[in-house]
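Here's the structure we're looking at; comments come further down.
Computed from a predicted structure; not experimentally measured. We're numbering straight along the sequence, starting at 1. No hydrogens, no waters, no symmetry mates; every other heavy atom, side chains included, goes into these values.
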Amino acid sequence: MDSPIVSRLFRQLFAHRPCQSLRTQTSAPLRIRHARRNQIRSLSSGRGYDDDDGSANESNWQQRTTILPPDMSEEYNKYPMVTADQLKSRRQRPRRVKMLTRDFIEDSLYNPSYGYFSKQVVIFTPGEPFSFNGLQDESEFHKLLGQRYTEFEDKLDAKEYNESRQLWHTPTELFRPYYGEAIARYLVANYKLSQYPYHDLIIYEMGAGNGTLMLNILDYIRDTEPDVYDRTKFKIIEISSNLAKLQAQQLMRSAHTKGHASKVEIINKSIFEWDQVVPSPCFFLAMEVFDNFAHDAIRYDPITEEPMQGTVLIDTKGDFYEFYVPQIDPVASRFLRVRHAATGGQYPHPLNQSRILRTLKRSLPFAPNLSEPEYIPTRLMQFFDVLGKYFPAHRLLTSDFHELPDTIRGVNAPVVQTRYQRRTVPVTTPYVHQGYFDILFPTDFNVMELMYRAITGKLTRVLTHEEYLRRWAYVEETETKNGDNPLLTWYKNASVLTTV
């Protein structure tokens, strides 16, 4: 936490019924006279807080309404435009600036000094693997998981109490080692079909969390395929310094895991900083990372269908103001062009009604003059660029959510949530106090599969999470006494994309 005062910010948030004050906020734009730059007032990040001089007064978390927001046009023209890259060296959250939505999200999640993944996140580890065959049914697994969650957090609180700890879990941790072994079987089978014995088995993993998937994969290959293990190299690309240190610690925690040390390299950098060509065939793992890639916000004029790109202004007090301008930056503009070409124009869009109906709606009193926002995964497109340019012989294996509950308004909109006193708190805007909220997006695999093909020139296959695991997991190992199988029934809202 930045200071004990931040706790008062969350307590004020919970002073009402859960999420009451946040869910009442409207995100529809106002009908205003000057339609070429549209302004929307967003949720305050803590009015009165000044990160620049360190004098913190974060207790006044105030709900902001989009009704009659103050005119910030003068500030918009005066404040400099900054990027997430320019803010990397800052130790305090910025004031008196404006930035694109994707840069605000990137900065909120990944800034080295105050980003969500850099400072706040704790990944749940359940301890000993669950013995699914000994459980009566899925309900018993859910109950046992809740008990282990409580025990895990009780131990953390015994060392250092933190009422706003950001704790979450992954399928790798819940279904250890079975989930990792399923990934390993896929890797070994495809390696032996297309690369062995002419090339080494080179595995890159981006965003490796605790390092559990790495260890489960290497354990399996060492135990079942010693000849392949001799040819295996595992390289982690990790943006978070804290998680990179944790992965190194996991690797050296016991004699069993230390045996993998010569096989592993942990590269503490962002994949978007990668600048070396890897000509050798390799597998690239990206498990549950697409959902936290930064997105741009786009709204459309309902009559002309002209796109307008979202920017956020941060004032002297840390309040956020959303603006939409018709000048689309090159990255977002390229995304729109590539998407249209790759899909033949068939993709979800905020303007899903006929122009006649939109014109009629526009004539109604207080009708919005822009569409609902569309969140486009520009950072994901750039990730495909990196794969195509620097890993030309890669094969991608990625899993992520194709659908999420409790999203904010908009097309492909994210879930924005924090955690306080062991309760999850969703909010209705991505413009929130940087570093204390997870911002996660669903992935439209129908669209992104086609974009990946267009950018890399590779062929792909998309399966549901269950379909993939039925092919590669020993599902009998995670079956309960009554026939339930949590490995297959959990994560129904996830898909798996593989390069073929």
Which value, rounded to the nearest 0.5 Å, describes the distance between [X] atom [atom1] and [Y] atom [atom2]?
X      : Y      : atom1 : atom2 : result
Asp154 : Gln147 : CG    : CD    : 12.0 Å
Phe104 : Met99  : CZ    : CE    : 7.0 Å
Gln166 : Asp438 : CD    : CG    : 8.0 Å
Glu153 : Glu151 : CD    : CD    : 12.5 Å
Tyr116 : His433 : OH    : NE2   : 14.0 Å
Phe335 : Arg102 : CZ    : CZ    : 11.5 Å

Is the side chain of [X] donor-acceptor paired with the backbone N or O of [Y] at a distance under 3.5 Å, no angle test?
X      : Y      : answer
Asn485 : Val475 : yes
Thr398 : Ala286 : yes
Glu140 : Gln136 : yes
Asn133 : Glu479 : yes
Gln86  : Thr83  : yes
Asn216 : Gly180 : no
Asn292 : Ile439 : yes
Thr478 : Leu487 : no
Lys119 : Tyr436 : no
Ser118 : Asn111 : yes

Problem - salt bridge (charged side-chain N to carboxylate O under 4.0 Å, His left out) assessment of Glu466 paired with Arg470 - result: CA-CA 6 Å; Glu466 179 180 352; Arg470 284 192 182 277; 3.0 Å; yes
Practice task
Kindly determine whether Lys235 and Cys282 satisfy side chain to side chain contact (heavy atoms under 4.5 Å, CB included), including the steps that lead there.
Solution key: CA-CA 10 Å; Lys235 303 174 185 288; Cys282 62; over 6 Å; no
Between [X] and [Y], which heavy-atom pair has the shortest distance, and what is it?
X      : Y      : result
Met252 : Lys258 : O-CE, 3.2 Å
Gly259 : Ser262 : O-OG, 4.4 Å
Ile298 : Ile328 : CD1-CD1, 4.5 Å
Ala297 : Tyr324 : CB-OH, 3.6 Å

Is the [atom1] atom of [X] crowded by more than 12 outside heavy atoms at less than 6.0 Å?
X      : atom1 : answer
His349 : NE2   : yes
Arg422 : CZ    : yes
Glu476 : CD    : yes
Lys143 : NZ    : no
Tyr198 : OH    : no
Gln346 : CD    : no

Exercise for the section: Give a yes or no on whether a salt bridge exists between Lys88 and Glu273, defined as a side-chain N under 4.0 angstrom from a carboxylate O. Expected result: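 Yes, Lys88 and Glu273 are salt-bridged.
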So do the side chains of [X] and [Y] get within less than 4.5 Å of each other, counting heavy atoms only?
X      : Y      : answer
Leu218 : Val264 : yes
Leu87  : Gln434 : no
Thr172 : Met287 : no
Asp103 : Val82  : no
Gln250 : Thr257 : no
Leu187 : Leu285 : yes
Leu251 : Leu215 : yes
Asp484 : Ser139 : no

Handout entry: Phe383, Phe441, Tyr375 screened by ring pair (Phe, Tyr, Trp, His ring centres under 6.0 Å) with Phe293, the one that passes
Key =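 It is Phe383, the one option of Phe383, Phe441, Tyr375 that forms the ring pair (Phe, Tyr, Trp, His ring centres under 6.0 Å) with Phe293.
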Practice task
Check the pair Tyr431 / Thr101 against side-chain hydrogen bond (donor to acceptor under 3.5 Å, both in side chains), numbers first and verdict last.
Solution key: CA-CA 9 Å; Tyr431 305 114; Thr101 298; 2.8 Å; yes
[X] vs [Y] aromatic rings, parallel, tilted or perpendicular, using cut-offs 30° and 60°?
X      : Y      : answer
Phe124 : His169 : perpendicular
Phe283 : Tyr186 : perpendicular
Phe117 : Tyr110 : parallel
Tyr178 : Phe132 : perpendicular

Is it the case that the ring center of [Y] lies less than 6.0 angstrom away from the ring center of [X]?
X      : Y      : result
Phe234 : His260 : no
Trp490 : Phe141 : yes
Phe401 : His465 : no

Exercise for the section: Dump the intermediate steps for salt bridge (charged side-chain N to carboxylate O under 4.0 Å, His left out) on Glu225 and Lys192, then the final yes or no. Expected result: CA-CA 11 Å; Glu225 300 281 351; Lys192 295 177 79 172; 3.3 Å; yes
Handout entry: Working for ring-ring contact (aromatic ring centres under 6.0 Å, His included), residues Tyr204 and His394
Key = CA-CA 9 Å; Tyr204 284 86; His394 79 275; over 10 Å; no
Practice task
Walk me through it: do Asp444 and Arg339 pass the test salt bridge (charged side-chain N to carboxylate O under 4.0 Å, His left out)?
Solution key: CA-CA 12 Å; Asp444 187 335; Arg339 179 179 65 173; over 6 Å; no
Problem - Asp107 and Tyr114: CA distance, side-chain angles, deciding distance, side-chain hydrogen bond (donor to acceptor under 3.5 Å, both in side chains) verdict - result: CA-CA 8 Å; Asp107 184 58; Tyr114 51 78; 2.8 Å; yes
Handout entry: Worked check of side-chain hydrogen bond (donor to acceptor under 3.5 Å, both in side chains) between Thr443 and Asp400
Key = CA-CA 7 Å; Thr443 298; Asp400 227 305; 4.8 Å; no
Exercise for the section: Would you please say whether a donor-acceptor pair under 3.5 Å links the side chains of Thr232 and Asp230? Expected result: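 No.
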Practice task
Please report the C-alpha distance between Asn210 and Thr212 in whole Å, then the side-chain angles of each, then the deciding distance to 0.1 Å, and finally whether the side-chain hydrogen bond (donor to acceptor under 3.5 Å, both in side chains) criterion is met.
Solution key: CA-CA 5 Å; Asn210 287 340; Thr212 302; 4.7 Å; no
